[in-house]
Protein chains: 2
Amino acid sequence: MNARSGQRLARLQEALSRGGTLPLTEAAKLCNVSEMTIRRDVAASDGSVKFLGGHLIMAEDPLYRPVYNLDEEQGSHALVKQCLCQRAAALIEDGDTLFIDCGTTLMPLIEALDRDMTLTVVTYALNVGNAVSRLPNVRLLLLGGLYYSSSMSFGGDEMDAAIRRLGINKAFISAAGLHAGRGASCFHFHEVAPKQAAIASAMQRILVIDDSKLDVIRPAFFASLDSFDIIITNGEAGLALQESHQGVAAGPQILLA
Amino acid sequence: MNARSGQRLARLQEALSRGGTLPLTEAAKLCNVSEMTIRRDVAASDGSVKFLGGHLIMAEDPLYRPVYNLDEEQGSHALVKQCLCQRAAALIEDGDTLFIDCGTTLMPLIEALDRDMTLTVVTYALNVGNAVSRLPNVRLLLLGGLYYSSSMSFGGDEMDAAIRRLGINKAFISAAGLHAGRGASCFHFHEVAPKQAAIASAMQRILVIDDSKLDVIRPAFFASLDSFDIIITNGEAGLALQESHQGVAAGPQILLA
DNA sequence: CAAATAATGTTATATATTTCACAAAATATA
DNA sequence: TATATTTTGTGAAATATATAACATTATTTG
């Protein structure tokens, strides 16, 4: 990078500082040089500006960008989770206050929310918070605390009490395992308190869990099967669960997506 | 434009709502459809999203941009803010517990953090939380509550007490205005409590503010000039402030970046 | 001022993206 | 259930963009 190149880059950055894009042809005119020279300038720069389709744009710092994860875990079961969440979203009514649990299972639920409904979402998950923060008609209550990157969620002593103070209509709970006898379990112990608090204080408790997690046990148990009003699942194992609960008055309603 | 197309577009707009670009391949995966379908959706849309070099971007039309976009503010003084934050980062020591205020001013501070230091960061800002959540050596304490999209931060009754319980070494505070007589002010009233709590409980209070905000008054005052130990600023107005505090024993130390 | 070096411009080539036309699938309608 | 309609997927052709090699123009330096 030479002396003039730096000056040109500064000029281009200024032009881009308001956002938007600058066509390469415009950039070349602006600096009174050829398009090739602009290309070379950008290539030699620190990466603050870059090319995209013949236009210059400000490079977005990945550090600033919220985690919008379509991670590996989600990838394989993405379709299933989407189906489960569509079923779950149908339960939501205008004005509801929802609790949305951490993990990737319930992310499609946020996408499936009716944009015209006025809702309040309570969560202790950063990924959920990020997604919900973009929805204009949804009030977001993020329960903070110490961040656990393994589950992209927060934990802390006051969380339990904070959740119990809230009037939650519907609690959408996720789990890493569900066993007919032992109940629902998760990987991380800090999730237990908020999950239990949500189950305890919500009017309606809905477990959303795909069939790969049925008949599975994970280190931290947090609720019995009967703690839930509705369990939304799928597959063979889901059908088996549904049939075993046929006619049982007290237990949860099993919905297959 | 058909019914599903609208849903997909809404999802894509959400993914793009904070700026940045989304590769067509990612967009297709996100919606579980082919790239061609995404192309058709975008073509049939009202123009709020468009293509550029195989990536989706938000159209620069201000009509479609978020009502109150902090990104714009960030761009304009990005270079200045980076300098200020570099100066600020030099004050940080291994093992420190830092309070980082909301807004865009202190975002470059996160970038400037020494990756080898073990730190704890306390914040009530979602954008700060997102950025810090990616740093492996930094413990993140995000103070949650009701989300205010205008400042990308949280507010709530318990925040004040929560902050006062913490042992904060250094509080990095931002402001929308600083006036020699009236002190520091910000736009949003919900920021007052956490800012004041941080100032009250921190060992060292550092105000980071660019010169465009000097001699400016904003609706919510939160601290007098003397509340700060260090003020990091720049420019002519910064120099004037520094000279007026020359030899004053009690007041804050003014650093120019 | 001429040789050497650096910077820029031009052209051709390689690569990627966009468009188009049609086939396949899904959905709606009779 | 069969038929029409809509929606989506695929691959080839057209277009645009990115890269690389070399020619040209400035700039420096002895």
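Numbers restart at 1 for each chain; the letters A, B, ... are given by sequence-line order, proteins then strands.
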Visitor: Nearest whole Å is fine: how far is D:dT8 C1' from B:L9 CG?
Guide: 15 Å
Visitor: For residues 116-123 of chain A, run the donor-acceptor check on the side chains, cut-off 3.5 Å, and write out each pair with its distance to 0.1 Å, sequence neighbours left out.
Guide:
residue : atom : partner : partner atom : Å
A:T120  : OG1  : A:R139  : NE           : 3.4
A:T123  : OG1  : A:I100  : O            : 2.8
A:T123  : OG1  : A:A125  : N            : 3.1

Visitor: For nucleotides 12-17 of chain C, list the nitrogen or oxygen atoms of the protein found under 3.5 Å from its nitrogen or oxygen atoms, one pair per line.
Guide:
none

Visitor: Starting at atom CG of A:L24, determine the distance to atom P of D:dT19, rounded to an integer number of angstrom.
Guide: 12 Å
Visitor: Could you state the interatomic distance from CD1 (A:I168) to CZ (A:F99), rounded to the nearest 0.5 Å?
Guide: 6.5 Å
Visitor: How bent is the helix from C:dC1-D:dG30 to C:dA30-D:dT1, measuring the angle between the end axes built from five pairs each, rounded to 10°?
Guide: 30°
Visitor: Polar-atom pairs under 3.5 Å, protein N or O versus N or O of nucleotides 20-26 of chain C: list them with distances, or write none.
Guide:
none

Visitor: Would you say that B:I38 contacts B:L56 through its side chain, given a criterion of any heavy-atom pair below 4.5 Å between the two side chains?
Guide: yes
Visitor: For a side chain to side chain contact (heavy atoms under 4.5 Å, CB included) with A:L98, tell me which candidate from A:L109, A:N169, A:L113 qualifies.
Guide: A:L113
Visitor: Can you measure B:D41 atom CG to D:dT7 atom P for me and round it to whole angstrom units?
Guide: 11 Å
Visitor: Is the closest side-chain heavy-atom distance between B:D101 and B:F172 below 4.5 Å?
Guide: no
Visitor: Looking only at heavy atoms, which two atoms of A:R205 and A:S227 are closest? And how far apart?
Guide: CD-O, 2.7 Å
Visitor: Can you tell me how far CD of A:Q253 sits from CG of A:L255, rounded to the nearest 0.5 angstrom?
Guide: 4.5 Å
Visitor: For D:dG9 and B:T37 - does any side-chain N or O of the residue sit under 4.0 Å from the phosphate oxygens OP1/OP2?
Guide: yes
Visitor: Given atom CD of B:E35 and atom P of C:dT19, what is their separation to the nearest angstrom?
Guide: 14 Å
Visitor: Could you tell me which residues satisfy ring pair (Phe, Tyr, Trp, His ring centres under 6.0 Å) with B:F154, sequence neighbours excluded, listed by chain and number?
Guide: B:Y147
Visitor: For a quick test of your reading: what N or O donor-acceptor pairs under 3.5 Å do the side chains of residues 231-238 of chain A make, sequence neighbours left out?
Guide:
residue : atom : partner : partner atom : Å
A:T233  : OG1  : A:I209  : O            : 2.7
A:N234  : OD1  : A:D211  : N            : 2.9
A:N234  : ND2  : A:D211  : OD1          : 3.4

Visitor: Name the closest nucleotide to the A:S34 side chain, picking from D:dA18, D:dT8, C:dG9.
Guide: C:dG9
Visitor: So do B:T105 and B:K81 actually touch side chain to side chain, heavy atoms under 4.5 Å?
Guide: yes
Visitor: In whole Å, I'd like the distance from the CD1 atom of A:I38 to the C1' atom of C:dT10.
Guide: 16 Å
Visitor: Looking only at side chains, do B:S212 and B:D210 share a donor and an acceptor under 3.5 Å apart?
Guide: yes
